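Heads up, the thing below is written out as structure tokens.
Because the structure is predicted, anything quoted here is derived from the model rather than measured.
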Amino acid sequence: MEVLDRRARRRARTWNPRFLALCGVLAALTAAVILTAAVRLLGAASSPREAEENLPDYVERDLLTVNEWSRPGEALETVEGVVIHYVGNPGTSARANRNYFESLADGSGGVYASSHFIVGLEGEVVQCVPLTEIAYASNSRNGDTISIEVCHPDETGEYGPETYRRVTELTAWLCREFRLDPEKDVIRHYDVSGKLCPLYYVEHQEAWERLLADVEAELEALEAPEPEA
């Protein structure tokens, strides 16, 4: 036993201080990651009404009139995800698409469609339906998700840089408000119904994964503590 103890003491004396320091850094980073995840999971999610009262400054509220076809006025009780779309009409603005939803109100076209938000070609955001109500955007997930329609400059459906930046920013804000995980809770219309929407991000899986990673980065920035003065 004494021989073994001497060997153990010799091994202990030979630990490299740099290695020990690296272990300490890794342990601290791991603890920080676990703490961030715990705060996100344990923190209280906003209710739809609370989130509605705390919209970002860049959101312009221009709500649709209450009607059977595009804003039924039905309560959205809980938010379990965010669904990303594309408008499918290249070059059109957020305002033009909002007005299209409004034009459905008389029922003459027999079309049910709307969205909570529309992100435009210049990064502008128009809110069409309050967060306290469902929108007709995501089929079977209308009852528990927030929808974001996104404008695009051409037929590929790829978002322009300003639009892309705003989509990730708005989605991250929604994830923070409702305590959502971007990797699991941010989905495409395609993931609900199989529709090729948003087209570019269905046809290019790597682009979709990059968008989710960028949402996660935005969310981490939102949740980071403010530096002390």
Side-chain angles (χ1 to χ4, degrees), residues 48 51-52 55-76 79 81-171 173-174 186-203 207-208 211:
E52 180 67 25
L55 291 172
D57 292 340
Y58 54 77
V59 174
E60 177 187 353
R61 297 180 87 241
D62 191 3
L63 302 181
L64 305 175
T65 56
V66 177
N67 69 90
E68 178 184 354
W69 302 91
S70 57
R71 186 188 165 191
E74 183 179 335
L76 180 63
V79 176
V82 177
V83 185
I84 307 295
H85 303 255
Y86 87 133
V87 297
N89 193 5
T92 57
S93 67
R95 176 67 50 196
N97 283 281
R98 180 264 172 209
N99 291 342
Y100 166 71
F101 290 147
E102 181 66 27
S103 75
L104 302 176
D106 63 7
S108 60
V111 175
Y112 294 93
S114 58
S115 184
H116 290 94
F117 300 101
I118 307 172
V119 180
L121 297 172
E122 304 300 324
E124 71 276 20
V125 179
V126 176
Q127 184 187 23
C128 302
V129 176
L131 298 176
T132 54
E133 299 176 17
I134 71 164
Y136 285 150
S138 307
N139 304 86
S140 62
R141 295 300 304 274
N142 286 338
D144 69 349
T145 60
I146 299 298
S147 53
I148 303 175
E149 285 280 356
V150 186
C151 299
H152 47 96
D154 57 38
E155 294 81 1
T156 68
E158 183 177 10
Y159 307 153
E162 290 302 313
T163 304
Y164 183 96
R165 180 183 63 81
R166 190 67 86 191
V167 169
T168 59
E169 187 176 9
L170 175 59
T171 305
W173 179 80
L174 290 166
V186 177
I187 60 177
R188 302 163 292 190
H189 191 178
Y190 170 79
D191 299 313
V192 178
S193 68
K195 181 179 180 179
L196 298 181
C197 172
L199 180 64
Y200 185 83
Y201 301 90
V202 173
E203 294 183 336
W208 174 246
L211 188 149

Tightest non-hydrogen contact, residues Ser140 and Val192, listed as OG-CG1, 3.6 Å
Minimal heavy-atom distance between Leu121 and Pro153, with the atoms involved, is CD2-N, 3.8 Å
Note to self: Does either side chain, that of Asn89 or that of His152, offer a donor lying less than 3.5 Å from an acceptor on the other one?
What the structure shows: no
Residues Phe101 and Leu64: closest non-hydrogen pair is CB-CD1, 3.8 Å
Residues passing the side-chain contact (heavy atoms from CB on, under 4.5 Å) test with Thr65, sequence neighbours excluded, are Asn67, Glu102, Ala105
Output side-chain donor-acceptor pairs under 3.5 Å for residues 195-202, partner residues at least two apart or in another chain, one line each.
| unit_1 | atom_1 | unit_2 | atom_2 | d |
| --- | --- | --- | --- | --- |
| Tyr201 | OH | Tyr159 | N | 3.2 |

Between Ile146 and Val83, is a side chain to side chain contact (heavy atoms under 4.5 Å, CB included) present by the stated rule, with each step listed? CA-CA 6 Å; Ile146 299 298; Val83 185; over 6 Å; no
Taking every heavy atom of Ser70 against every heavy atom of Val129, the minimum-distance pair comes out as O-CG2, 4.2 Å
Hits for side-chain hydrogen bond (donor to acceptor under 3.5 Å, both in side chains) against Arg188, two or more places apart or cross-chain, chain-then-number order -> Asp191, Gln205
Across all chains, not counting sequence neighbours, the side-chain contact (heavy atoms from CB on, under 4.5 Å) partners of Arg95 are Glu60, Asp62, Ser93, Arg98, Asn99, Val126
Those residues at least two apart in sequence (or on a different chain) that pass side-chain contact (heavy atoms from CB on, under 4.5 Å) with Val59 are Leu55, Pro56, Phe117, Val125, Gln127
For Pro48 and Leu76, the nearest pair of non-hydrogen atoms, with its separation, is CG-O, 3.4 Å
Report task. Check the side chains of Ser147 and Ser115 for a donor-acceptor pair under 3.5 angstrom, ignoring hydrogens and angles. Result -> yes
(request) Salt-bridge test for Glu169 and Arg165: reply yes if a basic N is under 4.0 Å from a carboxylate O, no otherwise. (result) yes
Nearest heavy-atom approach of Pro130 to Arg61 is CB-NH2, 4.4 Å
In this structure, CH2 of Trp69 is separated from OG of Ser103 (nearest 0.5 Å) by 12.5 Å
So the ring-ring contact (aromatic ring centres under 6.0 Å, His included) pairs with at least one residue in residues 119-151 (sequence neighbours excluded) are Tyr112-Tyr136
When you compare the side chains of His116 and Thr145, does any donor N or O come within less than 3.5 Å of an acceptor on the partner?
no
